[in-house]
Amino acid sequence: MRFLQTQRSEILLLCETKTVAAQMNKVHKKLNYDHYFSVNRIGMSGSLALLWNSGYDLQISSYSKRHIGAIIKQENG
């Protein structure tokens with residue numbers, strides 16, 4: 001987690017997080033991201049999360065247990 005806190009990205013996709021939505025809410029706050037969307041794990045495998053900061057108009061267009069599709073526009077840009 002320390003690496004993610006020091007190597008900052010405005011938009012971050014996490015794969016195989018093995019978390020549920022309630023846990024991801026804590027993770028996105030700890031990593032200091034403004035928004036997140038997560039796909040819950042199935043059993044003990046999988047889970048995806050997309051985290052992003054304000055300044056981007058990000059709309060989830062589709063998702064499944066294997067992907068998150070998003071339309072991303074930079075605000076004021």
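- Of all heavy-atom pairs between L48 and H67, the closest is CD1-N, 3.4 Å.
- With rounding to the nearest 0.5 Å, the separation of CG in N53 from CD in E10 is 4.5 Å.
- Taking 4.5 Å as the limit, some side-chain heavy atom of Y33 sits within range of a side-chain heavy atom of S9.
- The backbone N or O of I68 lies less than 3.5 Å from no partner atom in the side chain of S62, so there is not a single donor-acceptor pair.
- S61 and A70 make their closest contact through OG-N, 3.6 Å (heavy atoms, listed as atom of the first residue, atom of the second, distance).
- Taken to the nearest 0.5 Å, the CG atom of L50 stands 8.0 Å off from the CG atom of L12.
- To the nearest 0.5 Å, atom NZ of residue K73 and atom CD of residue E75 are 11.0 Å apart.
- Crowding of F37 atom CZ: a count of heavy atoms from other residues, nucleotides or ligands under 6.0 Å exceeding 12.
- Listed by chain and residue number, S54 satisfy the side-chain hydrogen bond (donor to acceptor under 3.5 Å, both in side chains) test with D34 (two or more places apart in sequence, or in another chain).
- Under a hydrophobic clustering in which Ile, Leu, Val, Met, Phe, Trp and Tyr are joined whenever their side-chain heavy atoms come within less than 4.5 Å, directly or via other members, L51 and I72 fall into different clusters.
- Both L14 and Y36 are part of a single hydrophobic cluster, where members link through side-chain heavy atoms under 4.5 Å apart.
- Contact check for H28 versus N25: side-chain heavy atoms found under the 4.5 Å cut-off.
- Scanning all heavy atoms of the two residues, the minimum distance from V39 to S64 falls at CG1-O, 3.5 Å.
- Taken together through direct or relayed side-chain contacts under 4.5 Å among Ile, Leu, Val, Met, Phe, Trp and Tyr, Y56 and I60 form part of one hydrophobic cluster.
- The hydrophobic cluster containing W52 also contains Y63, counting ILVMFWY residues as joined when their side-chain heavy atoms lie under 4.5 angstrom apart, directly or transitively.
- Residues V27 and L13 are members of separate hydrophobic clusters, defined by side-chain heavy-atom contacts under 4.5 angstrom among Ile, Leu, Val, Met, Phe, Trp and Tyr.
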